[in-house]
There are 2 protein chains.
Amino acid sequence: MRRAVTVLPGAGSRSGRESGYEMDVRSTRSPAMTDVAKLAGVSHQTVSRVLNDHPNVREQTRLRVRAAIAELGYRPNRAARALVTGRSQLIGIVAQNSTLYGPASLLAAFEQAAAEAGFAVSVGSVGRLDRESIAGAVERHLDQRVAGLVVIAPVASADDALEDMPAGVPLVTIDGDPARPHALVTVDQAAGARLATERLLRAGHRTVWHVSGPADWYDAAGRIEGWRASLEAAGAEVPPLVPGDWSAASGYDAGQMLARMPEVTAVFAANDHQALGLLRAFSERGRRVPDDVSVIGFDDVPEAAFLIPPLTTVRPAFDAVAHAGLDLLLGQITGENEGPERVVIAPTLVERASVANISA
Amino acid sequence: MRRAVTVLPGAGSRSGRESGYEMDVRSTRSPAMTDVAKLAGVSHQTVSRVLNDHPNVREQTRLRVRAAIAELGYRPNRAARALVTGRSQLIGIVAQNSTLYGPASLLAAFEQAAAEAGFAVSVGSVGRLDRESIAGAVERHLDQRVAGLVVIAPVASADDALEDMPAGVPLVTIDGDPARPHALVTVDQAAGARLATERLLRAGHRTVWHVSGPADWYDAAGRIEGWRASLEAAGAEVPPLVPGDWSAASGYDAGQMLARMPEVTAVFAANDHQALGLLRAFSERGRRVPDDVSVIGFDDVPEAAFLIPPLTTVRPAFDAVAHAGLDLLLGQITGENEGPERVVIAPTLVERASVANISA
DNA sequence: CGATGCATTGTTAGCGATAACAAGATCGGC
DNA sequence: GCCGATCTTGTTATCGCTAACAATGCATCG
């Protein structure tokens, strides 16, 4: 790119235009606001005003400044801005260091939504969801002077860690405890569970068994609650709960048990991985899905459509959660909505082939 | 912590010590370096020296400053430091917005390693790995004045986007093209493939079939290469390649085909999801694993141990990749190692129950 | 036609840290 | 006990930006 230029030694070449040729040479430093100002023939403050969309700038000036910005390839120094405003354009997100499908998709959706709003996302993943781990990750983010914080807090211990958060930091929790005093976005777990349970009852099943997630997770608790409520509302018997831990292994174990009971014709698994374990166990024990047993999962993981049979499941709309969470957070950051707010996202049922009518 | 202290109203309490009681009251502003300096009875520069471990500070002073830091709960303002040094303590990471197990674990491992080194990680996930998406994510990070950049670039188009990167920004690519001129960390895909292929040959199989990943991924190409090399080295016939796309669905399709060929007794799948699809297809068509067909996967996803049968697979040691990548990057940031370096991580074979000797 | 007001622009003063230099304290060697 | 070298500390300038205020121009109004 840079052409070879013969420069005569001695006077002349470096003198005179401080801004022109010189600028190109020491291209190591990226242009600052004053460079733009000089080129556009205005003060740096006017450049700042253009950048921040202040109303009182003449259209003509605005255009000239924008042209100068484009010509120099200027980009504002976020550190300087953060220093003077006390706020960065960074959003911190604390999530469990896991490859669970839910958290992973949530993180991705969040990053995307934040990028659209001009924010960057700093992740602080934690190994475990205990109080110390969460507190540590929060500290690290506060260190970075994040503009706001999103914490995925699916268990009580995570919420606990948030109690002694310094006030004034915008905070949104995802999947947290609705009883806590911060802004919150959750998936309506109970509604999702009702969707699944009612679908199975509608297919003619006398009752529906449930392989649940770990009881200390709010998600799991909500799904249990919705499942039980549906059964009771329909006057169906509530069978004993089969506890699991989100893993395929626990679903398989549950399936090994359920497959031995002829009366079990419909199972609602608290997530798709457990459902996968169920499917395998049933197939091993010769119970055909959906002919003998109907199964519904939760999450709609990418593989769900390719299982045998394709899995009917509840889809939690992670991107809606992410967008809602970000909106809440941005509202707090800009100071528009003060009080904590709650957003509840309604899941939908994705019908595939793992449910059959009992009459068939 | 803070003991209840009776403060007499009137004179005395507020006067004199500008730093003591007053500080606690206007706790809205977090303490700055000058506050610490005042409390410790030194200049702010000395505080800075203590913070940055400069050699020429008297031990006694150092202790006094540290005590003041602790008492005030002072934490340095990263923005101010970034402004004056021109470098943030932020590392950007560009990865595909996906829930593929590999990238997701890599991200998590990276964040952890970076946190240990005192860096925060800003993620820029992209929907697709094309040139524009990558370039956009890189831009956003440069905007944030990241200290360094890690790009997971498993396909050529991702590398392409890095060509017109401004020089001087520390950059490490993961899974990229070794022919490119930047620092690089890769898993030795070929070695992993050899591990798998040789294991199957050693079990007495005449040859090994391969269900590959998408051909434009370097990972997939490396695994194909290793597989082919092993067969040729052993003088075994090289069967036609069965192409896949990482998904369980493609593994299932491949399995439907392979199950019809009696001569197929050993299959190496390019990842565990494809292996999962294979297992299902084989089970559907009555070919028992491992009695009739042996299968090996790649990635060691959490479910691998719980499949039926538990899957023998190649484990790429994502945390080693992350650590190596971070070391390389930190080396560039501190200016220790200039030239591009390559680190190749050797994978290991995790033996489970999906491989059997052909003699049995 | 001078005063008043608003729109537009410029000037100055920080934000909180590090870097460069200056200055006082301390020390060894003669 | 004096001198220069070294250790330790303080002072000042600066990074690039925004906030607050000042200053200009121009239209509006009594």
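Note on naming: letters A, B, ... go to the chains in the order of the sequence lines (proteins, then strands), and numbering restarts at 1 for each one. Because the structure is predicted, anything quoted here is derived from the model rather than measured.
Put simply, the side chain of I134(A) reaches to within 4.5 Å of the side chain of L129(A), judged on heavy atoms. Side-chain atoms of T46(A) and R49(A), non-hydrogen and from C-beta on, do get closer than 4.5 Å to each other. Two residues are said to be in side-chain contact when any heavy atoms from C-beta on lie closer than 4.5 Å; L51(B) and Y74(B) meet this criterion. No side-chain heavy atom of R75(B) sits under 4.5 Å from any side-chain heavy atom of S30(B).
In this structure, D35(A) places its CG atom 13 Å from C1' of dC15(D), rounding to the nearest Å. Straight-line distance from the CG atom of L83(A) to the P atom of dT18(D): 11 Å, rounded to whole Å. We find that CD of Q144(B) is positioned 14 Å from P of dC17(D), with the value rounded to whole Å. Separating the CZ atom of R87(A) from the P atom of dG16(C) is a distance of 13 Å, rounded to the nearest angstrom. The distance from atom CZ of R75(A) to atom P of dG16(D) is 15 Å, rounded to the nearest whole Å. Distance D143(A) CG to dG16(C) P: 15 Å, rounded to the nearest Å. Rounded to whole Å, the distance from CE on M33(B) to C1' on dA19(C) is 13 Å. Atom CZ of R145(B) is separated from atom P of dC17(D) by 8 Å (rounded to the nearest Å).
Proximity of a side-chain donor or acceptor of H182(A) to a complementary backbone N or O of T173(A) within less than 3.5 Å is not detected. With hydrogens and angles disregarded, a donor-acceptor distance shorter than 3.5 Å links the side chain of R64(A) to the backbone of A40(A).
Among the nucleotides dA17(C), dG16(D), dT18(D), the one closest to the side chain of R81(A) is dT18(D).
Contacts with DNA chain C (heavy atom under 4.0 Å) in residues 41-62 of chain B: H44(B), Q45(B), S48(B), N52(B), listed by number.
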